[in-house]
Structures are given as C-alpha cells and as structure tokens.
Amino acid sequence: MNDERIEAALREATDTENVTIGPGVLASVDDLFGESFGDRPAVVVADENTFAIAGEEVRRHLEEAGRELVEPYVFPGEPTLYAGYANIEKLVEALQKHEAIPVAVGSGTLNDIVKRASHECGRPYLCVGTAASMDGYTAFGASIEKDGLKQTLTCPAPRAVLADLDVLVNAPPDMTAAGYADLLGKVTSGADWLVADALGVEEIDPSGWSLVQDHLREWTGEPAGLHDGDQQATDHLIEGLIMSGLGMQSYQSSRTASGAEHQFSHLWEMEGLGHGEGHEGPPLSHGFKVGLGTVAIAALYERVLQRDLGNLDIDAVCNAWPGRDEVERSVRAVHTLPDLEEGAVEQSLAKYITAEELAERLGLLREVWPDLRARLADQLMPAGQISEMLRAAGCPTKPTEIGLGWEEFEATYSRARTIRKRYTVLDLAAEAGIFDECIEELFAPDGFWGREAASQTRTVER
Ligand SMILES: [Zn+2]
C-alpha cells in the first residue's frame, strides 16, 4: 500500500484511525488492536468459512500477544451468511455479555453485521478483510434487510482495518472480480459528480473527490493480474477500495463513490435479482451489478457526448416538460413493489424542478457544455473498454449473464433514475430532452447494446 496516501486519507476520515495493508500483516493484528483500543479485551467475530481462512489465526496472534480474549462468535458457514437484522440481534445479545472489542473477520456481509451490532452496543470495532470484494470496509452505514426491506442502517465505519494480501489473493475469484467492478464504477460516478457540479446541483468537494479519483486509473489498471492472483494488482485494488470508503467518510456521503451505475445495482438489488426463489448458487454480488451498471452508464454517456448540448432549443424542451403529477403517475407506472414505488415517488419528487427552473438550468448547461464535455471526455472511458476490463477481471458484462432479460435491462435506464434523488447523467439526459432517443440509439441494431445482443444470439445459434 501507499502509506502516504492512506495517512492523508485517514486525516480526512471521521471514524477510521488506522489502516494496515500488506502481505503477512495478519501477524501484526495485536499491534493494530493495541494502537486503536489500548489493553481492552477482544472477541473475534467470523463465520465458519472466514474463521478457518483467517479468524483462527487472528485469534491465535492476539492470544500469543497476551491479549485478553472472549470466546469467538462464529456464524454458520452454510448457507451463505445473510445480511438480515436477525443476525444483528443475535450478535448484539452475545456482545452484551461482555465488554470486549469485536474483531470482524470476513467480507461485506459479516462486516456490515458487526458494524451495526457494535454500534448498537456502543463499541468501536476492528475489521480484518478477507476479500477485496467491495468498498464497504471503510464506509459508514450497513446494508441490512429489516422489515422485508434492504436498507442502509446508520453506524460508524470501523476504527481500524487490516487487509492481509496473502489472504486476499486466495479469496474466491468472483469476490475479487466483484471488488474490481465496484471500484471501476467510480469512473462513471465521478462523471456524474462533474455533471452535478457544473449544473450547480452538488458542488465537488476537492478532498472527497481526490481520495477516490486521483489514483483510480492506477488502481484499476491490472484486471487480468487480479484474475491470475497477482499480489501487486490485488494491493492496488484493496488500496482503491479502502480509499474509496475513506472518501465517503471524508465527505459524509456516498456521492464520492456512487452514481447512476449504483442506482442500476440498487434497483436490481431491491427487486431481488440473483436472490431467493429460483436462484441457485451464492447471491449475485453488489460488484457484479455495479459493473454492468457501469458499462450501461458509460454507453449512455457516449450518446450524450455525441450531442452539442450548447445548442439546445430550451423553449421546446421546457414546453414538453412534465408537471409534478405527471411525474408521480409515470413513476408509479414503472414500479410494482409497493415500498419501492413509494420510495421512488418521494425521491423523484425531491429532485423535481419546474419548467421555469428547468429553463434556468438548461441556460447554464448551454454555457458550461463545452467545458463540461471536455472534462467528461477526460474522466470517462469508452463503454467497450470498460466492458473489456471487467471481462479481464472475470466479471459479467451482459444482462443475461446476471439473469436479466434484454427488455428488463433496457427499462432499467428509466426506472433507475426514479429511485434516488441524486443527480446523475440519467437526469441530465431527461432534462435535456434526449433521454428516449439516447436509449433508442443504444438498443438499435447498430447501437452499443443492439450489437451486444446480436452477437449473443449468434453465439447461441452456432
Ligand atoms: Zn458499491
């Protein structure tokens, strides 16, 4: 890891104080623990799989260092640990029997469970990551299903994080690939922030931006190496993921790391794609959904950047602009799950602007477009290149590979826009009156997705 970068990021972060990344650093877990919590006792929390991979070793190192320990709390290994509130309640009950500091040994779900349970017990915790699978290690908030709904429950990020490269390179390849996709998604999320900034919707925060964006090309430059278990490539990936979480802490919002590509992922997640009945194998990862979302948004940006938005006929666009009631009706029409529908109406109306406000925004767009277009071109990569990089890392890049039909995928563009008030290229395209034509171009026989769909049909027929 690059110590200077991490140190600089930790100075900006609100919750996390210490990060250690490197080969063999598991052996120094007690030093990190002591630095962060003094002589408090520790309790290892893992599931049967992660306990075998690293938890037992963590426990042993702590014991050998003379640390007072409470018996480890180990969740079953089968079925795959689920991010449900019931698991948090179980862990809280166990943690309340003592005062020990939790040491979470695992990846996304385990970390989220310990993050929230520790918070409910009023305790900080230490996280030992076992896979470079997402950017949530150093992020605040836990993604948990409660009352039948996947939600982000508030809780601080871990006080200390340890990532041993010897453990990470041996993680299941799909998990590493998913982490890569989550990180590569910062290409489009950054572009969305540029748009929101230029239009005066959400100003760029220089340090939140820098932590995530300044070294993104370096962190994501070796997808094939990841696939081959290369340590250097894995080091870059985990550094990027950890910095990305620290960026969210610094800005106190996921804007730094999440744009329209995450709205695709969240919509599919909320609708249970890759979970539950009829789905075999482990649940579809966050990263795989984000990866496909990233290709989709990069492809949309290509269509948008083709146009000269400095030349918009503002009157014509504003005349066709829907009223509030019309927006509400159309949002309700595209959702079938009641809770999702209510949430989408609320979020869509929160970012709704009147025709007069739109005229003002489009006036600004006309002015800033030449500069914004240049900055976007600089930030983005061609969708085809993103797709190739994802493929090299071992990620799916077509909707059918994650169990989604082409029509549902096409409909995701307009539906994803409704579920969050965060301003993205989806809003830009809609407000500029070019949304429908851009999507049509993408799915036309010679469009980006039209060609992908056709090549797939040919492969099947062969
Ligand atoms: Zn993510």
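Each ligand, and each atom within it, is numbered from 1 in the order the structure gives.
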Report the residues that fulfil side-chain hydrogen bond (donor to acceptor under 3.5 Å, both in side chains) with E346, sequence neighbours left out, ordered by chain and then residue number. none
With salt bridge (charged side-chain N to carboxylate O under 4.0 Å, His left out) as the rule and sequence neighbours excluded, what pairs involving residues 3-15 come up? R5-E218, R5-E239
Are side-chain heavy atoms of V304 and L309 found at a separation under 4.5 Å? yes
Salt bridge or not between R59 and E56? Use side-chain N to carboxylate O under 4.0 Å. yes
Can you run down the salt bridge (charged side-chain N to carboxylate O under 4.0 Å, His left out) pairs that involve residues 103-131, sequence neighbours left out, and say none if there aren't any? D112-K115, R116-E120
As a test of understanding, state which of T50, N49, D47 forms a side-chain contact (heavy atoms from CB on, under 4.5 Å) with L81. D47
Number of protein N/O/S atoms that sit closer than 2.8 Å to the Zn ion (ligand 1): 3
